[in-house]
Amino acid sequence: MQYVSTRAAAAPASNAPQQFSDILLGGLAPDGGLYLPAEYPQVTGAELDAWRTLSYAELAYEILRKFATDIPAADLKALTAKTYTKAVYRNARDGEKAADITPLRVLEENLGKGGATTLLLQGLSNGPTLAFKDMAMQLLGNLFEYTLAKSKAELNIFGATSGDTGSAAEYAMRGKKGIRVFMLSPHKKMSAFQTAQMFSLQDKNIFNIAVEGNFDDCQDMVKAVSNDLPFKVAQKIGTVNSINWARVVAQVVYYFRGYLAATTENTQKVSFTVPSGNFGNICAGHIARMMGLPIDKLVAATNENDVLDEFFRTGVYRVRKSAETYHTSSPSMDISKASNFERFIFDLVGRDSERVRALFQKVETSGGFDLSGKPGSDGDEFKLVAKYGFESGKSTHKDRLDTIRDVADDFGIVIDTHTADGIKVAREHLQPGVPMIVLETALAAKFNETILDALGVDAERPAGFENIEDLPQKFVVMDADVAKMQAYIAANTGL
Ligand SMILES: *Cc1c(COP(=O)(O)O)cnc(C)c1O
């Protein structure tokens with residue numbers, strides 16, 4: 001299996017097709033594009049039938065081996081078996097089986113003339129940090145450790161977080177040989193729960209750096225360090241952001257799992273609604289569909305930051321300035337541009353990398369592009385979006401509170417704010433005869449402030465998280481000063 005960049009056509013030889021292991025530790029392709037398989041591997045009906053009885057780890061192996069063809073089968077099998085265990089994904093609700101890894105529950109089923117309308121919830125947030133990012137990041141941690149050990153290399157992961165990604169990365173990399181994590185966060189700006197989750201890690205290879213400033217200051221520091229190539233090379237700096245291909249492909253697995261759990265035969269279709277920000281999660285759904293999984297609709301749910309909803313309604317992709325980005329009660333979806341969107345656009349424009357390059361250059365120069373086909377637009381491919389099954393909707397703070405209340409009243413479970421955006425939008429897209437699966441992207445305990453507003457009671461915390469704020473915390477506070485940051489990293493890597 002070879003990988004190509006979405007902008008590859010006019011690219012130099014350094015952009016030649018790559019193997020899975022070559023792109024594992026990297027981010028963007030050298031030409032600024034994103035990696036995708038040269039062709040999507042296909043899944044046969046016989047394979048789908050055989051996969052119905054597999055465990056999650058076995059299914060992950062079957063799917064990943066189509067993409068990671070340069071990792072020996074026995075090694076990949078061991079890595080997936082080690083990653084997807086009920087001990088790691090132990091935060092399942094009462095009545096859900098932890099061994100299912102992503103348990104699927106029926107919320108409601110209404111019988112009607114054209115068949116039943118069914119709304120289901122697939123729990124992706126039962127891992128160590130209570131958000132779906134663990135699903136991919138835990139695998140990444142094991143893949144990184146495996147690859148680095150083989151080449152006797154080391155890696156220093158450097159990033160900035162306002163919450164979910166940083167903690168998922170730290171829990172995935174803690175204690176891993178050859179890896180250190182340096183994670184910036186805005187000092188005193190994360191919730192007490194999120195701060196405690198990250199800062200209570202005492203592992204020697206985890207470095208929490210609280211920056212005197214806001215999240216943008218942290219990101220500027222990451223950018224400054226990334227642009228300092230000699231430092232980056234000398235300090236073996238890498239990232240684990242959402243464009244990482246291995247993260248996307250690990251997420252493909254749970255679409256298969258959800259489909260297989262919701263159906264009994266391959267003639268049936270299902271739809272998914274995905275609380276979306278950077279388009280990483282739903283991009284994995286698109287890939288599953290391109291592999292032949294019988295997905296009917298992929299519905300992108302956004303919050304007030306509706307870049308994606310606007311595109312799927314109008315064909316206009318218009319990124320927002322950071323001042324135009326709202327701080328909402330589903331903060332992990334507060335994005336101004338969707339970093340994985342280029343992968344879908346590549347397929348939408350018939351894999352014409354010249355077009356992709358021009359369109360995303362236009363994003364840089366003019367803040368977006370228009371594929372509506374109207375006079376003066378940049379193309380008319382919006383008319384093909386329906387063929388790929390994409391639909392969308394948006395949700396507001398009030399919708400979120402109402403949905404959290406409704407779901408608690410009607411089904412007796414408490415959902416988080418991002419999942420609430422998903423359920424609100426899913427209900428607008430239900431179709432008789434096609435089960436609608438909403439992906440649960442976090443557990444409510446992570447966003448308790450809003451749960452308290454909606455329900456007047458605290459969200460339940462999974463076992464082991466009861467007194468997390470009382471644990472000793474390990475972190476350093478630092479000014480937003482790049483030179484100081486670089487000195488701190490060098491001192492701790494010894495490189
Ligand atoms: C990251 C995140 C999202 C958005 O996922 P994308 O892959 O960026 O679209 C949604 N919900 C939660 C809880 C998240 O942490």
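Ligands are counted one by one from 1 in listed order, and the atoms in each one are counted from 1 as well. Everything quoted here is computed from the prediction, not taken from an experiment.
Side chains of D399 and T396: a donor on one and an acceptor on the other come within 3.5 Å.
Protein neighbours of ligand 1 below 4.0 Å, counting non-hydrogen atoms: F132, K133, D164, P275, S276, G277, N278, F279, G280, N281, S332, M333, H418, T441, A442.
Partners of K398 according to the side-chain hydrogen bond (donor to acceptor under 3.5 Å, both in side chains) rule, which considers only residues two or more places apart in sequence or in another chain, are D402. Applying the side-chain hydrogen bond (donor to acceptor under 3.5 Å, both in side chains) test to Q122 and every residue at least two apart in sequence or in another chain returns T102.
Electrostatic pairing of R313 and E391 does not count as a salt bridge here, judged by no charged N lying under 4.0 Å from a carboxylate O.
Each side chain to side chain donor-acceptor pair (under 3.5 Å) pair with one or both residues in residues 124-135, not counting sequence neighbours, appears once here: T129-D134.
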> Does the ring pair (Phe, Tyr, Trp, His ring centres under 6.0 Å) test come out yes or no for F475 and F207, once each step is laid out?
Replying inline: CA-CA 7 Å; F475 65 101; F207 300 88; over 10 Å; no
